[in-house]
Amino acid sequence: MTNPIGYHIPSATDSTSGLFDSALALTSRLDLTEALQEFVEAARRLTDAKYAALGILGSRGETVAFHFSGMEVNEAERLPHPPHGHGVFAEIPVDAPLIINDLASHPAFQGWPSYHPRMKNFLGVPVRIHEQVYGRLYLTDKEGGFDDEDSANMVMLANAAAIAVQNSRLYAESEDRAAWIAVSQAITTALLEGTDEEEALELIAKKMRIVSKSCTALIILPSVGDAWVCEIADGYDAENMIGLEFPPEGRAQTVIREGSGVVVDSMTRTRTMRIPALRGYGPALYAPMIVQGVGAGVIVLLRSRNQPEFDLADLAMAESVSKQAALALELASARHAQDVATQIDERAKIGRDLHDLAIQQLFATGMQITAIREDLESKDAPSDVVDLLNQAIESVDESVKEIRHIVRRLREPDANVVVVERLRREASLARTSLGFAPSLIISLHGQALPSDTDNETVAEIDNLVGADIADDIVAVAREGLSNAARHAKASSVSVTVGVDESEVRITVADDGVGLSPSRARRSGLANLAARARRHGGGFELARGEQRGAVVQWWVPLG
């Protein structure tokens, strides 16, 4: 309304209209940060307060976010942290406003820090969502002090702010759900296209880190014995996370055993931290990878200390995607089983061909030579010719024995086979995946073994390495050849195995494009590193002198 000389005089109707306009503008905001800042600005404007601030509370009642209005930037920069909620702030009821028009005289007032602006009066209002205090609105320094109308108006505005927060949460959840669904579709597509285990898990870790707004994503998988090791990592400090072992009593293995995910409000505040590398992170989420009711691994999402906590919606979506990660492992295992079955079938076919064709032809040839020899002997042929025929017959007999031995090994590939023969078999089987024959050099005490190594030398190597290390030696050779075939695009690969009294050392080198350490240390190669540690040895992946990659694995003997 106006007075007789034309000046506008604020009225209750003006105040109510401004409140409604502010509430309407507030509830129309979908971005949470913008909505909360609008709330603070509107509160200061409607009350004519000099300063306004909103402290958002965390699960422990601490201030996790702070929005302010009326303070200059240089003043705000002098504040080392937002209010802790002590003193006068702690006096704000959970369900009603608090007015203090003489702060200095209030019993709970504890004085001002040297860097803080001096304030005379105060209005505090709780912001409640579903009966819980979401935050506290602070208003200070109003000329003439705050009154009940200010309190009532701010309670109404706080209610509008609560609605705005819920709206923004629902909007954010719908956006997040759409993003998670897109990730799920991308993973499904990758699996249907036949992406191998390492690449599928790498994709899952990266996509989950991005969609969950985490800084680091880890995938924990079973390793040697009862150990569970981080084999896939993406994001901040990922290269240092590879190979971390997660203890049986830790949270990761507990999640795997129970088959149910959990969220952690802050790794920094966790009382018991069994893995020091995780202590510097804030909120965390653990999602189990379940295959047919059995835990196959766990995905860990980590946020920085200044990021918000994960909620149950995050956990539900992460658990859904983690099931697809488990499916990736299951499909990879099925493909491996199919490859093994194919190899067995191929061995059986080769064995049948050798038995039905080669042995029979050699046997027939031996009979023909025998008949010729007997005919020549009856005609008093020269003795040197007969001797040559006898040697040919002996060679045929030896060939038949060797082929029968090969057929028997093809039928029972691992039955009582020495490590030298197992290594040669791995090199032979790798021809199919590589497209060429790899080089295999086995040495004992610095001397390379010939192709016709005697049984005594072969037995000495078996005695030096032992059955347990022998299995690891074969696994290293197999993994090195497999990675060269899948990733290196090499034209030559060499496997060198050196054995002496003190050490066994394996080197797998190729001339391909090379493997980045961040990629190659995942999955199989991470397991080989764990195998080396178990025996007190070591594992390294390096670039070749000119190109390609060099894998070295060694353990002490004796």
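Considering only heavy atoms from C-beta on, Ile92 comes within 4.5 Å of Pro126 through its side chain. A heavy-atom distance below 4.5 Å is found between the side chains of Leu123 and Ser151. Side-chain contact between Lys207 and Val211 is absent, with no heavy atoms from C-beta onward closer than 4.5 Å. For the pair Val229/Leu221, no side-chain contact is recorded, criterion being any heavy-atom separation below 4.5 Å from C-beta on. Looking at heavy atoms from C-beta onward, Leu278 lies in side-chain contact with Phe246 at the 4.5 angstrom threshold. Between Ile275 and Leu244, some side-chain heavy-atom pair lies under the 4.5 Å cut-off. Residues Ser212 and Asp314 are not in side-chain contact: their nearest non-hydrogen atoms beyond the backbone lie 4.5 Å or more apart. Asp265 places none of its side-chain heavy atoms less than 4.5 Å from the side chain of Pro283.
Between Ile129 atom CD1 and Ile163 atom CD1 the span is 10.0 Å, to the nearest 0.5 Å. Distance check: Ile256 CD1 to Tyr286 OH gives 10.5 Å after rounding to the nearest 0.5 Å. Here the CZ atom belonging to Arg303 is positioned 4.0 Å from the CZ atom belonging to Phe310, to the nearest 0.5 angstrom. Here Met241 contributes atom CE and Leu218 contributes atom CG; the two are 6.0 Å apart, rounded to the nearest 0.5 Å. With values rounded to the nearest 0.5 angstrom, Met154 atom CE is found 7.0 Å from Leu137 atom CG. Between atom CZ of residue Phe122 and atom NE2 of residue His106 there is a gap of 9.5 Å, rounded to the nearest 0.5 Å.
Side-chain contact check for Thr254 and Arg251: no donor-acceptor pair (N or O, by modelled atom type) lies under 3.5 Å. Using modelled atom types and a 3.5 Å distance limit, the side chains of His130 and Gln166 yield a donor-acceptor pair. In this model, a donor atom of one side chain and an acceptor atom of the other lie less than 3.5 Å apart for Tyr281 and Thr216. Between the side chains of Glu479 and Ser482, not a single donor N or O lies within less than 3.5 Å of an accepting N or O. In this model, a donor atom of one side chain and an acceptor atom of the other lie less than 3.5 Å apart for Glu41 and Gln37.
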Task: From CA spacing to verdict: side-chain hydrogen bond (donor to acceptor under 3.5 Å, both in side chains), Gln307, Ser304 - done: CA-CA 6 Å; Gln307 287 184 280; Ser304 62; 3.3 Å; yes
Open item on the list: Applying side chain to side chain contact (heavy atoms under 4.5 Å, CB included) to Val183 and Ile181, what does each step give before you reach the verdict?
Closed with: CA-CA 5 Å; Val183 168; Ile181 291 173; over 6 Å; no
Task: From CA spacing to verdict: side chain to side chain contact (heavy atoms under 4.5 Å, CB included), Arg136, Leu57 - done: CA-CA 8 Å; Arg136 298 191 187 103; Leu57 305 182; 4.0 Å; yes
Task: Pair Asp150-Lys142, salt bridge (charged side-chain N to carboxylate O under 4.0 Å, His left out): steps then yes or no - done: CA-CA 10 Å; Asp150 293 323; Lys142 176 183 178 179; 2.6 Å; yes
Open item on the list: Evaluate Val321 against Trp180 for side chain to side chain contact (heavy atoms under 4.5 Å, CB included), listing each step before the verdict.
Closed with: CA-CA 8 Å; Val321 175; Trp180 279 104; 3.5 Å; yes
TODO: Evaluate side chain to side chain contact (heavy atoms under 4.5 Å, CB included) for Ile220 paired with Val300, printing each intermediate quantity in order.
DONE: CA-CA 8 Å; Ile220 316 304; Val300 182; 4.2 Å; yes
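Between Arg44 and Ser69, the shortest heavy-atom distance links the atoms NE-OG, 2.8 Å. When every heavy atom of Val127 is checked against every heavy atom of Ala158, the shortest pair comes out as CG1-O, 3.9 Å. Residues Ala484 and Asp510 come closest through the heavy atom pair CB-OD2, 4.2 Å. Among all heavy-atom pairs drawn from Ser214 and Leu302, the shortest one is CB-O, 3.3 Å. In terms of heavy-atom proximity, Ala296 sits nearest to Trp228 at O-CZ3, 3.6 Å. Between Ser260 and Glu319 the shortest heavy-atom distance is C-OE2, 3.9 Å.
For Arg209 and Asp234, the salt-bridge test passes: some basic side-chain N is under 4.0 Å from an acidic carboxylate O.
Around the CD atom of Glu249, the shell of radius 6.0 Å holds more than 12 heavy atoms that belong to other residues, nucleotides or ligands. Counting heavy atoms of neighbouring residues, nucleotides and ligands inside a 6.0 Å radius, atom OH of Tyr134 exceeds 12 of them. In Arg305, the CZ atom is not crowded: 12 or fewer heavy atoms of neighbouring residues, nucleotides or ligands sit closer than 6.0 Å. Summarising the local packing, CG of Asp148 is surrounded by 12 or fewer heavy atoms from other residues, nucleotides or ligands at distances under 6.0 Å.
No donor-acceptor pair under 3.5 Å is formed between the side chain of Ser322 and the backbone N or O of Ile299. At distances below 3.5 Å, not a single donor-acceptor pair connects side-chain atoms of Asn121 with backbone N or O atoms of Thr140. Between the side chain of Asp141 and the backbone N or O of Tyr51, no donor-acceptor pair lies under 3.5 Å. Without hydrogens or angle criteria, Arg128 side chain to Val94 main chain gives a donor-acceptor distance under 3.5 Å.
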